[in-house]
Participant: 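One structure, pasted below without further comment.
For clarity, every value in this text was computed on a predicted model and none was experimentally measured.
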Amino acid sequence: MKKMSVEHITHGQACIECSLFSQGTGVTECFAMIHVSDGTLTFEQQLESVRAAYFFLLRHQLPGSNCVFRRYFLSDASNQSSVLMATEIEDPIGEVSVIQQPPLDGTKVALWAYIMTNVKVQALANGLTEVSHGAYRHLWNASMYRHEANSEYQTRIILNDFIMQLIEAGCSMERNCIRTWFFVNEVDNNYAGMVKARNEVFLVQGMNPRTHYVASTGIGGRQANPDITVQMDAYAVDGLQPAQVHHLYAPTHLSRSSVYGSAFERGTCVDYGDRRHVFISGTASIGPDGQILYAGDVERQTMRVLENVETLLAEAGVTFDDVPYMIVYLRDMADYALVRQIFRQRFGGKPCVFVHACQCRPHWLVEMECMAVKAVSNPQFPAF
């Protein structure tokens with residue numbers, strides 16, 4: 001079985017951290033984190049450096065590939081989003097997520113890009129981006145928001161819009177959605193409204209603790225418009241058989257989210273004929289009874305986060321060696337140096353971005369999410 005390869009590429013004023021998963025045939029998957037190397041540059045210069053590195057990767061390192069999803073982490077969305085979106089006209093393929101979660105290396109912008117070869121990418125009339133290959137359609141949507149009065153109603157309408165998009169594509173939230181991200185402005189005040197709406201919408205869709213939810217991250221993040229309190233990204237897959245999807249619980253280390261009134265899975269594992277995808281939700285320093293562990297101690301919380309994630313990965317039959325990228329959220333910017341040191345000592349140069357974002361509970365200081373990809377052989381299922 002082939003393993004993940006990791007490469008670091010310097011291009012101009014940017015550094016590309018890139019993980020590549022390839023079986024030699026079929027779809028090659030590339031997961032890239034692109035950072036600026038000079039934080040004194042203007043935003044326009046930093047953005048130009050990031051995008052130049054992105055196009056270098058896309059056109060020269062992976063010719064013939066398509067970026068199916070990319071997320072920009074910004075330091076000041078109000079003043080940067082319009083500049084960014086004007087440049088995105090150059091590359092209309094794939095979904096684009098834009099969120100204010102300042103990179104903690106002192107720069108103004110970082111980019112996470114998910115790139116594939118040998119797939120067909122098209123924008124559907126219903127607003128989704130469809131990525132198709134073989135028996136599967138991968139359906140993406142990003143930066144979804146509405147202008148309703150508060151976080152509860154914004155979430156409700158966002159989810160209903162996405163459900164209608166899935167229905168138009170012949171899918172449903174319950175059968176096909178694999179992963180969501182909820183970015184909540186002023187999360188300490190607005191998270192409860194988002195959770196209430198999500199719980200109620202999911203219940204109507206036939207999703208509850210006795211059935212299943214989806215892997216998810218709910219984290220602080222701001223859009224350019226301060227009146228928008230919730231923004232959502234989402235990923236669904238059409239063509240899966242029920243036996244291909246499993247949910248992860250790690251009950252020795254974590255509680256079910258329903259214990260404290262939320263509605264998401266700790267992780268979701270999807271088996272294809274030639275590979276396994278494992279989606280790990282935003283994971284914090286939580287214990288098996290849903291309690292916060294090591295309040296006030298970011299170092300011990302970080303170690304517990306890694307232990308929790310490692311246990312979830314093990315339940316899916318993968319390890320950190322199979323993880324192509326990580327996103328780390330810190331509530332306090334002053335904790336960056338310590339947490340970064342822990343990650344660098346443990347993972348070396350694995351693609352990673354550290355951003356400033358508040359967790360859904362004030363006493364959680366650090367949270368992370370990741371994905372794993374592993375070569376497997378499941379002849380009963382079509383290849384990815």
Participant: Does the side chain of Gln359 come within less than 4.5 Å of Val187's, by heavy atoms?
Facilitator: no

Participant: Under a single-linkage definition using a 4.5 Å side-chain heavy-atom cutoff for Ile, Leu, Val, Met, Phe, Trp and Tyr, are Tyr153 and Tyr191 assigned to the same hydrophobic cluster?
Facilitator: no

Participant: Spell out, as yes or no, whether a donor-acceptor pair under 3.5 Å connects the side chain of Asp38 to the backbone of Thr40.
Facilitator: yes

Participant: Testing the 3.5 Å rule here: is there a donor-acceptor pair between the side chains of His253 and Glu307?
Facilitator: yes

Participant: With rounding to the nearest 0.5 angstrom, report the CD to NE2 distance, Glu174 to His212.
Facilitator: 4.0 Å

Participant: Verify the cluster assignment for Phe183 and Phe279: are they in a single hydrophobic cluster under the rule of side-chain heavy atoms below 4.5 Å apart?
Facilitator: yes

Participant: May I have the step-by-step check of side-chain contact (heavy atoms from CB on, under 4.5 Å) for Thr311 and Thr252, ending in yes or no?
Facilitator: CA-CA 9 Å; Thr311 306; Thr252 59; 4.2 Å; yes

Participant: Donor-acceptor check, side chain of Gln301 to backbone of Tyr294, threshold 3.5 angstrom: yes or no?
Facilitator: yes

Participant: Relative to Tyr260, does Arg361 satisfy both conditions: NZ or CZ under 6.0 angstrom from the six-membered ring centre, and within 45 degrees of the ring's axis?
Facilitator: yes

Participant: Are Phe43 and Met85 in one and the same hydrophobic cluster, where Ile, Leu, Val, Met, Phe, Trp and Tyr link if side-chain heavy atoms are under 4.5 Å apart?
Facilitator: yes

Participant: Without swapping roles, check the side chain of Glu315 against the backbone of Ala250 for a donor-acceptor pair under 3.5 Å.
Facilitator: yes

Participant: So Asp233 and Ser97, side-chain hydrogen bond (donor to acceptor under 3.5 Å, both in side chains) or not? Walk me through it.
Facilitator: CA-CA 7 Å; Asp233 298 343; Ser97 174; 2.6 Å; yes

Participant: Roughly how far, to the nearest 0.5 Å, is CG of Leu139 from SG of Cys177?
Facilitator: 10.0 Å

Participant: What distance do Phe21 atom CZ and Asp274 atom CG have between them, rounded to the nearest 0.5 Å?
Facilitator: 6.5 Å

Participant: Taking the side chain as everything from C-beta on, heavy atoms only, tell me whether Tyr272 gets closer than 4.5 Å to Phe381.
Facilitator: no

Participant: For Gln61 and His11: C-alpha separation, side-chain torsions, deciding distance, then whether side-chain hydrogen bond (donor to acceptor under 3.5 Å, both in side chains) applies.
Facilitator: CA-CA 12 Å; Gln61 299 295 106; His11 182 81; over 6 Å; no

Participant: Is the Tyr145 ring parallel, tilted or perpendicular to the His147 ring (thresholds 30°, 60°)?
Facilitator: perpendicular

Participant: Is any side-chain heavy atom of Leu313 less than 4.5 Å from a side-chain heavy atom of Thr319?
Facilitator: no

Participant: Run the salt bridge (Lys or Arg N to Asp or Glu O under 4.0 Å) test on Arg304 and Asp297 for me, step by step, so that the C-alpha distance in whole Å, both residues' side-chain angles and the decisive distance to 0.1 Å come before the verdict.
Facilitator: CA-CA 11 Å; Arg304 178 65 187 204; Asp297 188 334; over 6 Å; no

Participant: Working to the nearest 0.5 angstrom, can you tell me the gap between Arg346 CZ and Thr302 OG1?
Facilitator: 12.0 Å

Participant: When clusters are formed by joining ILVMFWY residues with side-chain heavy atoms under 4.5 Å apart, either directly or through shared neighbours, do Met333 and Val353 land in the same one?
Facilitator: no

Participant: Heavy atoms only: give me the nearest Ala372-Pro324 pair and the separation to one decimal.
Facilitator: CA-CD, 4.0 Å

Participant: Using only atom types and a distance under 3.5 Å, with no angle test, would you say the side chain of Asn225 pairs donor to acceptor with the backbone of Asp227?
Facilitator: yes

Participant: Just by distance, do the side chain of Gln154 and the backbone of Thr229 share a donor-acceptor pair under 3.5 Å?
Facilitator: yes

Participant: The test is side-chain hydrogen bond (donor to acceptor under 3.5 Å, both in side chains); show your working for Arg51 and Tyr72 and say whether it passes.
Facilitator: CA-CA 11 Å; Arg51 287 183 57 77; Tyr72 289 92; 2.8 Å; yes

Participant: Report yes or no: does Arg156 contribute a side-chain atom to a donor-acceptor pair with the main-chain N or O of Val201 at less than 3.5 Å?
Facilitator: no

Participant: Is there a donor-acceptor pair under 3.5 Å between the side chain of Asp188 and the backbone N or O of Pro362?
Facilitator: no

Participant: If I compare all heavy atoms of Gln101 with all of Gly220, which pair ends up nearest, and what's the gap?
Facilitator: NE2-O, 2.8 Å

Participant: Within a strict 4.5 Å, meaning less than it, do heavy atoms of the Glu17 and Glu7 side chains meet?
Facilitator: no

Participant: Run the side-chain contact (heavy atoms from CB on, under 4.5 Å) check on Arg198 and Ser262 step by step: do they pass?
Facilitator: CA-CA 8 Å; Arg198 182 175 62 181; Ser262 199; 2.8 Å; yes

Participant: Can you check side-chain contact (heavy atoms from CB on, under 4.5 Å) on Ile327 and Met33, steps first, answer last?
Facilitator: CA-CA 10 Å; Ile327 301 173; Met33 291 291 183; 3.8 Å; yes

Participant: Whether the side chain of Arg137 engages the backbone of Ala169 through a donor-acceptor N/O pair (distance < 3.5 Å, no angle test) should be reported.
Facilitator: yes

Participant: So how far is it from Met371 CE to Met326 CE, rounded to the nearest 0.5 Å?
Facilitator: 14.5 Å

Participant: Do Val83 and Val50 belong together in a cluster built from hydrophobic side chains that touch within less than 4.5 Å?
Facilitator: yes

Participant: Between Gln122 and Glu130, does a side-chain hydrogen bond (donor to acceptor under 3.5 Å, both in side chains) hold up when you go through it step by step?
Facilitator: CA-CA 5 Å; Gln122 62 176 334; Glu130 178 189 271; 2.7 Å; yes

Participant: Looking only at heavy atoms, what is the nearest atom pair of Gln205 and Met173, with distance?
Facilitator: OE1-CB, 4.2 Å

Participant: Is the His138-Phe384 ring centre distance short of 6.0 angstrom?
Facilitator: yes

Participant: Mind checking whether Phe343 and Leu306 have side chains closer than 4.5 Å, heavy atoms only?
Facilitator: yes

Participant: Checking side chain to side chain donor-acceptor pair (under 3.5 Å) between Ser75 and each of Gln80, Gln46, Gln100, which is the one that passes?
Facilitator: Gln80

Participant: Within the 4.5 Å heavy-atom criterion, are His363 and Ser285 side-chain neighbours or not?
Facilitator: no

Participant: For the residue pair Val309 and Phe320, establish whether any side-chain heavy-atom pair is separated by less than 4.5 Å.
Facilitator: yes

Participant: For a 4.5 angstrom cut-off between non-hydrogen side-chain atoms, does Val245 reach Thr268?
Facilitator: yes

Participant: For Ala234 versus Trp181, what's the shortest heavy-atom pair and its separation?
Facilitator: N-CE3, 4.3 Å

Participant: Would you say the ring centers of Trp112 and Phe69 fall short of 6.0 Å from each other?
Facilitator: yes

Participant: With the threshold set at 4.0 Å, does a side-chain nitrogen-carboxylate oxygen contact exist between Asp322 and Arg275?
Facilitator: no

Participant: What's the shortest heavy-atom distance between Arg344 and Cys352, and which atoms?
Facilitator: NH1-CB, 4.3 Å

Participant: Look only at the side chain of Arg266 and the backbone of Ser255, and say whether a donor-acceptor pair between them is shorter than 3.5 Å.
Facilitator: yes

Participant: If you look at every heavy atom in Ala14 and Ser49, which pair is closest and at what distance?
Facilitator: CB-O, 3.6 Å

Participant: Could you walk me through whether Arg179 and Glu369 pass side-chain contact (heavy atoms from CB on, under 4.5 Å), step by step?
Facilitator: CA-CA 12 Å; Arg179 183 74 163 91; Glu369 65 173 77; 3.2 Å; yes

Participant: Rounded to the nearest 0.5 Å, how far apart are CG of Asn66 and CG of Asn118?
Facilitator: 10.0 Å

Participant: So, the side chain of Ser81 versus the backbone of Gln223: is there a donor-acceptor pair under 3.5 Å, distance only?
Facilitator: no

